[in-house]
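The next block holds one structure in the form of structure tokens; read it before the comments.
The sequence lines fix the lettering, A, B, ..., with proteins before strands; numbering per chain opens at 1. Worth knowing before you read on, the calculation uses all heavy atoms, side chains too, and leaves out hydrogens, waters and symmetry mates.
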2 protein chains.
Amino acid sequence: MSTTIDPYNVIPKYHQLALILKAQIVDGNWPPRSAIPAERQLETIYSISRTTIREAINLLIQQGYLYREHGRGTFVSPQKLQKKIMELTSFSEDMVKRGIRPGQIIRKVEIITPPTRIQRLLELPPNNTVIEIDRIRLGDGKPIGLQTSYIALQNPNTITKADLEELGSLYKILEQKFHIIPSEAEETLEVTLADLDEAKLLGILPGAPLLLSQRLLFDQNRKPVEFVRILYRGDKYQYYIRLVR
Amino acid sequence: MSTTIDPYNVIPKYHQLALILKAQIVDGNWPPRSAIPAERQLETIYSISRTTIREAINLLIQQGYLYREHGRGTFVSPQKLQKKIMELTSFSEDMVKRGIRPGQIIRKVEIITPPTRIQRLLELPPNNTVIEIDRIRLGDGKPIGLQTSYIALQNPNTITKADLEELGSLYKILEQKFHIIPSEAEETLEVTLADLDEAKLLGILPGAPLLLSQRLLFDQNRKPVEFVRILYRGDKYQYYIRLVR
DNA sequence: AAGTGGTCTAGACCACCTT
DNA sequence: AGGTGGTCTAGACCACTTC
């Protein structure tokens, strides 16, 4: 990691500065709640204008690394708030964070005409097809959840079972194959009771409580790309969220 | 709502402009995905510099009202993404949004020494007191949740039952009496089963499924201010979240 | 080529906090 | 008073999209 700004680099200066400051923070050189150099000091240190410096700081504030206090300075946020929200939305990453080994059994990858409710949520014209993916999600080898995804792509013929088995995460496929960046999601959570099929697949008794998550995912242009429904075993799963602003 | 910028107003120009643009959007004058005037047009329309205009637009992007596309323009986000995240954290506002009349029965407002787990979460020294508030939350007059809050304040002798009954919302009290602005929260959700007391208070059968929410709230300086635990009736409540970035 | 947003400069003055 | 962030100006050139 460089510690100077290269004016000829394709990376914008404010972005280069943000990376430099971020490195200081994550490396622990600047402890939580300590002040970083004042904006006018950073101006002389890095020979860039204050506007550009403020842009870099704004980035790190948005990312949860810094906060400002008028008249006092700019300070490092406590470590525990430096988590990224989107880490949540990937089941695999979520499991790894909890120290649980993620796994999956892929039950179905098919091109279908979706139910009208799904069609409406994904803002699709009638008869448009989507990819349906059904999976059993495993934690340390045991079933934790049942997941059904509906994905809207221009050419739906392009996510295969092999893709999923290779990369594991749907979000990685969307980013790497289609340059679709998951940017926002709307989600509801509620309690339901397991029916016969669900109970069988999850290895629990019918009538056992489940946590039902339904999520609509949007890309960087706020277009809906995926509707996903996950049924979690109530006794095995706790849901974590971070709310901002 | 004014439609011009007053340079002598105490409200900053970029903030005034953001309010003007936001009004156009929420009033429906600018439909979703339509382009707003280009930045250089806004410069001449409102006689303010482009930097200031970009600050206003940045605000509205952060709030979910607009998005940019390089080389194309700045566009209005689809309406459904224009919700504020923090609206969630207030039970009363949440209920109003769903068309349900909120209510509460205040069972306890007391100054206590908290259990060590709560003390640790709120980053308090031993023997420090907090305010505990127990409430039954009502929707259209019927119980839907049991809520217990622990609030850490410098002088804990300052939230009364009268405050709560008058303003209804704890967040309003924090803002108006203490200038504490709820800025971030960490939350977990899980399924549990009602015990005898809980069942009685909620008017359900023991063993019925409940949604347990536990939330740690941080102020604008990322200091913990409240730990709150809410048990929702599983059959009456659906939880809504918006995830960003 | 023309229009759009993306980045950047070198200033200025104001508002708030600390000493 | 001096230092900090907050707001603002009037430009400049670059990168991307559309025609």
Side-chain angles (χ1 to χ4, degrees), chain A residues 4-21 30 33-62 65-77 179 181 183 220-223, chain B residues 4-21 30 33-62 65-77 179-181 183 219-223:
Chain A
T4 56
I5 306 266
D6 173 8
Y8 303 107
N9 196 317
V10 286
I11 299 173
K13 290 186 182 179
Y14 78 93
H15 201 263
Q16 290 184 53
L17 178 57
L19 289 173
I20 292 171
L21 300 180
W30 292 344
R33 297 202 193 283
S34 65
I36 70 166
E39 295 175 358
R40 284 164 187 84
Q41 287 176 42
L42 291 171
E43 250 188 306
T44 64
I45 296 173
Y46 294 105
S47 307
I48 46 184
S49 73
R50 191 163 159 230
T51 315
T52 305
I53 282 159
R54 283 181 63 83
E55 251 179 305
I57 292 174
N58 284 338
L59 248 191
L60 294 178
I61 288 173
Q62 277 189 8
Y65 290 97
L66 296 174
Y67 62 96
R68 287 200 182 97
E69 290 191 26
H70 191 176
R72 301 221 314 124
T74 303
F75 305 89
V76 176
S77 297
H179 305 292
I181 300 162
S183 301
Q220 62 270 36
N221 296 328
R222 321 251 159 164
K223 282 177 191 142
Chain B
T4 56
I5 306 269
D6 173 8
Y8 303 107
N9 197 318
V10 286
I11 299 174
K13 289 186 182 178
Y14 78 93
H15 201 264
Q16 290 184 54
L17 178 57
L19 289 173
I20 291 171
L21 300 179
W30 291 343
R33 301 204 190 282
S34 64
I36 71 166
E39 295 174 357
R40 285 163 187 85
Q41 288 176 42
L42 292 171
E43 251 188 305
T44 65
I45 296 174
Y46 295 104
S47 306
I48 46 184
S49 72
R50 191 165 158 227
T51 315
T52 305
I53 281 158
R54 283 180 64 83
E55 252 179 305
I57 292 174
N58 285 338
L59 248 191
L60 293 178
I61 289 173
Q62 277 190 7
Y65 289 97
L66 296 174
Y67 62 96
R68 287 199 182 99
E69 290 190 26
H70 191 177
R72 301 219 317 123
T74 302
F75 304 90
V76 176
S77 297
H179 305 292
I180 288 172
I181 299 162
S183 302
D219 70 8
Q220 64 271 34
N221 297 328
R222 322 253 158 163
K223 282 177 190 141

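Here A:F75 pairs with A:Y67 under the ring-ring contact (aromatic ring centres under 6.0 Å, His included) rule; sequence neighbours left out. Considering only residues two or more places apart in sequence or on other chains, B:H15 meets the side-chain contact (heavy atoms from CB on, under 4.5 Å) condition with B:I11, B:P12, B:L19, B:L59.
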Reading 5' to 3' through nucleotides 1-8 of chain C, protein heavy-atom contacts under 4.0 Å coded B for base, S for sugar-phosphate only, - for none: --BBBBBS
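D:dT17 atom C1' lies 10 Å from atom CZ of B:F75, rounded to whole Å. The interatomic distance linking A:N9 (CG) with D:dC14 (P) rounds to 16 Å, in whole Å.
Contact of the B:W30 side chain with the B:L21 side chain is registered, since non-hydrogen atoms from C-beta on lie closer than 4.5 Å.
Not a single donor-acceptor pair under 3.5 Å links the side chain of A:E39 to the backbone N or O of A:I53.
A salt bridge is defined here as a Lys NZ or Arg NE, NH1 or NH2 lying under 4.0 Å from an Asp or Glu carboxylate O, and B:E55 with A:R54 fails to meet this definition.
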